[in-house]
There are 2 protein chains.
Amino acid sequence: MMTTSVDDRVDSLLSKLGSRITGPRRRVARLLASKQGSFSAEALNEELPDVGRATVYRTLKLLSDAGVLCKTTLPDGSPRYSIDHSWHHHHLICSSCRTVEEFRHSALERLLCEMSAEIPGQVLGHRVELYVTCMHCL
Amino acid sequence: MMTTSVDDRVDSLLSKLGSRITGPRRRVARLLASKQGSFSAEALNEELPDVGRATVYRTLKLLSDAGVLCKTTLPDGSPRYSIDHSWHHHHLICSSCRTVEEFRHSALERLLCEMSAEIPGQVLGHRVELYVTCMHCL
DNA sequence: TCGATCATTGAGACGAGATATCAAAATGAT
DNA sequence: ATCATTTTGATATCTCGTCTCAATGATCGA
């Protein structure tokens with residue numbers, strides 16, 4: 001097994017951030033590692049009855065700021081988290097099952113980059129979301 | 001003056017929608033007409049102490065559904081409303097002053113339309129947001 | 001113009017998602 | 001092992017809304 005354990009990766013991330021390695025943070029991270037697709041903070045919270053609500057939210061924020069997680073807002077305004085696979089990407093959001101998927105599109109990036117030059121002020125970043133009915137729901 | 005009064009326009013919109021023309025709805029609409037840029041529902045509510053909270057939110061929803069208003073979510077998740085100038089558009093959001101501005105870009109639309117063909121599932125719509133520091137804040 | 005009907009209102013309860021407070025517990029540098 | 005500093009979690013609080021329901025008021029037909 002060449003695979004580093006989840007705990008090892010979390011430990012090194014946390015120390016890189018200058019944050020302490022604690023039990024609750026590991027428990028949140030382990031649960032995240034077992035997830036795929038998108039999930040709500042509240043769902044995680046319910047799956048971790050022995051970790052305080054505030055700590056779940058704090059850890060989610062910590063990991064989002066660190067770029068490990070990605071926070072998206074569904075069209076109705078409800079927030080979803082997903083693992084950030086660490087390249088710049090955008091989201092396909094299924095209006096039916098509310099699943100969030102990543103996608104990348106180089107032509108789109110290029111165009112957005114070109115557009116930035118035309119826009120007054122300084123462009124800091126962008127977000128693109130496509131609302132779809134996914135194959136599974138069709 | 002060729003200008004139709006706000007009340008007249010609101011009246012005709014409401015009857016087109018099959019909704020009743022009421023005092024509270026007029027008061028909300030008048031305030032909206034005096035606004036420029038983006039605003040939060042709560043701010044409107046505070047400026048209309050004689051209109052019930054529920055009614056403010058209901059009217060905002062009514063007008064959003066009717067396409068008169070446009071609801072956006074700032075990166076931090078807080079919602080903003082703005083007058084929808086009634087063509088498909090996207091948003092420039094100033095990260096500093098949180099102002100929301102509309103923009104249109106035909107090449108971007110064309111590309112997004114082309115992309116829809118490549119994407120598995122059925123594309124229903126899209127949203128593009130550019131985060132900027134606006135001229136005013138620079 | 002007058003009622004009858006039915007949409008609308010507003011006070012307040014409720015709910016989701018999230019942050020603030022603060023005493024107690026855990027971490028980790030020494 | 002010590003101790004300053006972080007972190008935790010119970011709870012209160014906040015924001016943005018929706019729901020309920022009795023009272024009100026707009027509209028339409030006679």
Side-chain angles (χ1 to χ4, degrees), chain A residues 7-8 10-32 38-66 69-82 98 100, chain B residues 7-8 10-32 38-66 69-82 98 100:
Chain A
D7 282 359
D8 286 351
V10 170
D11 288 3
S12 74
L13 172 67
L14 287 175
S15 40
K16 217 183 307 174
L17 294 171
S19 302
R20 288 187 179 169
I21 296 158
T22 68
R25 282 179 180 159
R26 276 217 186 112
R27 265 171 275 160
V28 173
R30 278 197 207 119
L31 180 56
L32 289 175
S38 61
F39 37 85
S40 70
E42 218 52 35
L44 291 179
N45 187 46
E46 278 163 30
E47 293 183 64
L48 291 165
D50 50 342
V51 177
R53 238 169 86 81
T55 300
V56 171
Y57 278 93
R58 279 189 287 240
T59 306
L60 249 25
K61 188 168 198 309
L62 185 74
L63 295 178
S64 296
D65 291 347
L69 288 181
C70 187
K71 185 180 178 178
T72 315
T73 308
L74 299 182
D76 71 356
S78 77
R80 283 293 175 283
Y81 295 84
S82 55
R98 317 181 111 210
V100 180
Chain B
D7 282 359
D8 287 351
V10 171
D11 289 4
S12 73
L13 172 68
L14 287 175
S15 38
K16 216 184 306 173
L17 292 173
S19 302
R20 289 186 178 170
I21 296 158
T22 68
R25 282 179 179 160
R26 276 219 186 111
R27 264 172 275 159
V28 173
R30 280 198 205 116
L31 180 56
L32 288 175
S38 62
F39 37 85
S40 69
E42 219 53 35
L44 291 179
N45 187 45
E46 277 163 32
E47 294 184 64
L48 292 165
D50 50 343
V51 177
R53 231 168 84 82
T55 300
V56 171
Y57 277 95
R58 279 189 286 239
T59 306
L60 248 26
K61 189 168 197 314
L62 186 73
L63 296 178
S64 296
D65 290 347
L69 288 181
C70 185
K71 185 178 178 178
T72 315
T73 308
L74 298 182
D76 71 357
S78 76
R80 284 291 177 283
Y81 296 83
S82 55
R98 318 181 111 209
V100 180

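Lettering follows sequence order; numbering is per chain, from 1. Computation of the quantities below employed the complete heavy-atom set of this structure, encompassing side-chain atoms and omitting hydrogens, waters and symmetry-equivalent molecules.
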Separation of C:dA11 C1' from B:D50 CG (nearest whole Å): 15 Å
For B:Y57 and C:dG15, what is the distance between atoms OH and P respectively, to the nearest whole Å? 18 Å
Which part of the nucleic acid, if any, lies within reach of A:S78 when heavy atoms closer than 4.0 Å are counted: base, sugar-phosphate only, or nothing? nothing
OG on A:S38 to OH on A:Y81, rounded to 0.5 Å: 12.0 Å
Taking the nucleotide of DNA chain C with the nearest heavy atom to each, does B:P49 or B:S19 sit closer to the 5' end? B:S19
Proximal nucleotide (of C:dT8, D:dG9, C:dG28) relative to the A:P24 side chain: D:dG9
A:T22 side chain N/O closer than 4.0 Å to the phosphate oxygens (OP1, OP2) of C:dA26? no
Calculate the interatomic distance between B:R27 atom CZ and D:dG25 atom C1'; express it in whole Å. 12 Å
A:R25 side chain near A:L63 side chain, heavy-atom distance below 4.5 Å: no
By the 4.0 Å heavy-atom rule, please label A:N45 as base, sugar-phosphate, or nothing. nothing
Is B:S40 touching bases, backbone alone, or none of the nucleic acid, heavy atoms closer than 4.0 Å? nothing
Side-chain heavy atoms of A:L62 within contact of A:L14, under 4.5 Å: yes
D:dC14 P sits how many Å from B:E46 CD, rounded? 13 Å
Taking CG from A:L14 and C1' from D:dT7, how many angstroms apart are they, rounded to a whole number? 12 Å
Selected nucleotide, minimal atom distance to A:R53 side chain, candidates C:dG17, D:dG9, D:dC16: C:dG17
Rounded to whole Å, CG of B:L62 lies from P of D:dG17 at a distance of 15 Å
Counting the atoms with a prime plus P, OP1 and OP2 as sugar-phosphate, which does B:A41 contact under 4.0 Å by heavy atoms, base, sugar-phosphate, or nothing? sugar-phosphate
Suppose we call a contact any N or O donor and acceptor under 3.5 Å apart; does that hold for the side chain of B:R58 and the base of D:dG17? no
Can you tell me how far C1' of D:dT7 sits from NZ of A:K61, to the nearest Å? 16 Å
Rounded to whole Å, please give me the gap between CZ in A:R26 and C1' in C:dT27. 12 Å
Take B:L32 and B:L44 through the side chain to side chain contact (heavy atoms under 4.5 Å, CB included) test and state the conclusion after the steps. CA-CA 8 Å; B:L32 288 175; B:L44 291 179; 3.8 Å; yes
How is B:R25 classified with respect to the nucleic acid when contacts are heavy atoms under 4.0 Å: base, sugar-phosphate, or nothing? sugar-phosphate
Given D:dT27, D:dT8, D:dT6, which nucleotide is nearest the side-chain atoms of A:R20? D:dT6
A:I21 has its side chain closest, among C:dG28, C:dT19, D:dT18, to C:dG28
Would you mind listing every side-chain hydrogen bond (donor to acceptor under 3.5 Å, both in side chains) that reaches into residues 48-58 of chain A, with sequence neighbours excluded? A:R27-A:D50, A:E42-A:R53, A:E42-A:Y57, A:T55-A:R58
